[in-house]
Amino acid sequence: MVGLLLLLAFLALAYLMFSGRLAAMVALPLLALIVTIIAGLPYYYNEALQPHLLEAEKIQHQLTFLGRLKYAFGSTLHLAISVVIKDGVTKLAAAIMTVMLGGLFGQLLKRSGVADTLVRRVAELAGDNTFAVSYVLSLAVAFLFTTLGGLGSVIMVANITFPVLLSLGMPPVVVGCQFLVAMCFGGVFNLVNWQLYLKVLEMDVNTVASFAVPFGFCYLIIMTIFTYVECKRAKLPVSSRALQVVIALGVLIAFALYLFRSNPKYAQGILDPIKDGFVLALLISFFLPIKGSEKSPSIMALVSPAVPILLVVLCGIDINAAFVVGILFLLRFSGAKNYSRLLIQSAIEGIQAVAPAIAVMMGIGMVVVAVWQKPVSESLTPIIKFVLPTSKVGFVLFFGCLAPMALYRGPLNIWGMGSGLLKLVQATGLIATKQIMAAFMSTGQIQGVCDPTNTHNVWVANQLKVETSDILKRTLPYMWALAFMGLLLGVYVK
């Protein structure tokens, strides 16, 4: 009975967010408190009758109904305030710090002119073929959003890319969809997103990377198909040569991934000198007499978004430490006349830009702590065990068919109601932790690209004079197919 009430609370708050009546930053803390109260009161009321209590307390609580009720209310209130709120706010402290450093780095990219220059140079190199330009620009946008985040970054990059694509005759709705797909493609490698999985599921960075890299290749396939199909659908020219180059590049990447996975010792023998060479080059670069400016950033500044990612993937460095090195690297080659002023302004604006995400992460921390408490977990675990699949095929079909439930901060969205479900699924022990991450990362792409309630979706739709529902309809088939690909990857690729 208590478990059903908890599920109803999940659904009620999900509906309030779906209808736009309640923001996620309010709904998540509210959910944490509601489930704690619903599960805590009957749990502690029954506990008052248990023999493990001290004799004096047991007699006091067994005397009257009001005595037991008082004990239940007092214990539940203590659990809600001293555990769920107190521990929940700081549960994702490391991830929150990553968000702040990511916001700072993103503002540095914006203020130093790196993002603007990178997109413009890529567009110039691509030529006037619509397919080539849109595809190469998508790769550039994806590269930027491996470190960028927040609505401000979306507006900055979109204002550069939209006019280029619209001038080539690409329909506005396709321009918006292409941008969102590319942005979320970069998000697969965004260290801020990784940190959330690391802290909630208590995973190591190598495990996340071992899934994210091949999943990113699946994303590349879907993005290529999307660009090709939508260009053909709009009767825009698609160069056969450009298509051949894209396919050849994909085959080459697939072969490299297969080679590295099937021969880990051989791969390690190749990666070790690459890692050592990268670290040495990074150290030497700080002493190179290379200068740039906001109008003309140096080549070193343009590659700076890759520095934190390579430090984490190749060298296994802590994400926050990698961001600090990336910030120092970008400052060194930014060409700024006053480093201190640039850093302070970027820090202030960067933290302001990610403040909503920080608030949501505090709520996520509270939900995670709440569902991990004994009263809540004991009530929900039997229901979760009953519905969870136990076979590989069942896993793929279950999460694949329900993938659209990641929309509107739903139960399969780690940035929404899924933050609590994620931990409960892990507690059952029926599904491996890596597969849980694969399930939520795969289905989460539907929310990132398609969700009409995303602030970036709303802005993109308004800017291009299209409906958010049109973006949802156009991108959902592709993202749903990607979700199935990710689920298959999570099950069958070790």
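All residue numbers refer to positions in the sequence shown, counting from 1.
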Hey, can you pull the donor-acceptor pairs under 3.5 Å for the side chains in residues 350-358, sequence neighbours left out?
none

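- Contact between Ser210 and Lys434 at its shortest, heavy atoms only, is OG-NZ, 3.2 Å.
- Val460 and Ile471 get closest at one heavy-atom pair: CG1-CD1, 4.3 Å.
- Looking at Leu397 and Pro389, their side chains never come closer than 4.5 Å, going by heavy atoms from C-beta outward.
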Atom pairs and distances, donor-acceptor, side-chain atoms in residues 168-189, under 3.5 Å, two or more places apart:
from   : atom 1 : to     : atom 2 : distance (Å)
Gln178 : OE1    : Thr227 : OG1    : 3.3
Gln178 : NE2    : Ser138 : OG     : 2.6
Gln178 : NE2    : Thr227 : OG1    : 2.8

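- Separation of atoms OG1 (Thr76) and CG (Leu33) is listed at 12.0 Å; rounding is to 0.5 Å.
- Qualifying side-chain hydrogen bond (donor to acceptor under 3.5 Å, both in side chains) partners for Gln373, counting only residues two or more places apart in sequence or in other chains: none.
- Within a 6.0 Å sphere centred on CZ of Phe73, heavy atoms belonging to other residues, nucleotides or ligands number 12 at most.
- A 6.0 Å sphere centred on CE of Met203 holds more than 12 heavy atoms belonging to other residues, nucleotides or ligands.
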List the steps and the verdict of side chain to side chain contact (heavy atoms under 4.5 Å, CB included) for Tyr478 and Val229. CA-CA 11 Å; Tyr478 298 96; Val229 171; 3.3 Å; yes
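- Residues Phe226 and Leu482 have side chains not in contact (no heavy-atom distance under 4.5 Å, counting atoms from C-beta outward).
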Pair Lys86, Ile81 - check side chain to side chain contact (heavy atoms under 4.5 Å, CB included), show working. CA-CA 6 Å; Lys86 176 178 172 291; Ile81 296 175; over 6 Å; no
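- Contact between Ala32 and Val84 at its shortest, heavy atoms only, is CB-CG1, 4.0 Å.
- In this structure, OH on Tyr43 lies 10.0 Å from OG on Ser75, to the nearest 0.5 angstrom.
- Across Ala483 and Ile446, no two heavy atoms sit closer than the pair CB-CD1, 4.4 Å.
- Atom OG1 in Thr224 sits 3.0 Å away from atom OH in Tyr135 (nearest 0.5 Å).
- Within the model, atoms CZ of Phe395 and CD1 of Ile436 stand 8.5 Å from one another, a figure rounded to the nearest 0.5 Å.
- Side-chain contact check for Phe211 versus Ser442: some heavy-atom pair is nearer than 4.5 Å.
- Heavy atoms only, all atoms of each residue included: Trp480 and Cys401 are closest at CZ2-O, 3.6 Å.
- Expressed to the nearest 0.5 Å, how far CZ of Phe440 lies from CD of Gln447 amounts to 13.0 Å.
- Enclosure of atom CZ in Phe484 by more than 12 non-hydrogen atoms of other residues, nucleotides or ligands within 6.0 angstrom is indicated.
- Counting all heavy atoms, side chain and backbone alike, Tyr44 lies closest to Ala72 at CB-CA, 3.7 Å.
- The distance from the OG1 atom of Thr475 to the CD1 atom of Ile222 is 12.0 Å, given to the nearest 0.5 Å.
- A distance-only check finds a donor-acceptor pair linking the side chain of Ser391 to the backbone of Gly394 [under 3.5 Å].
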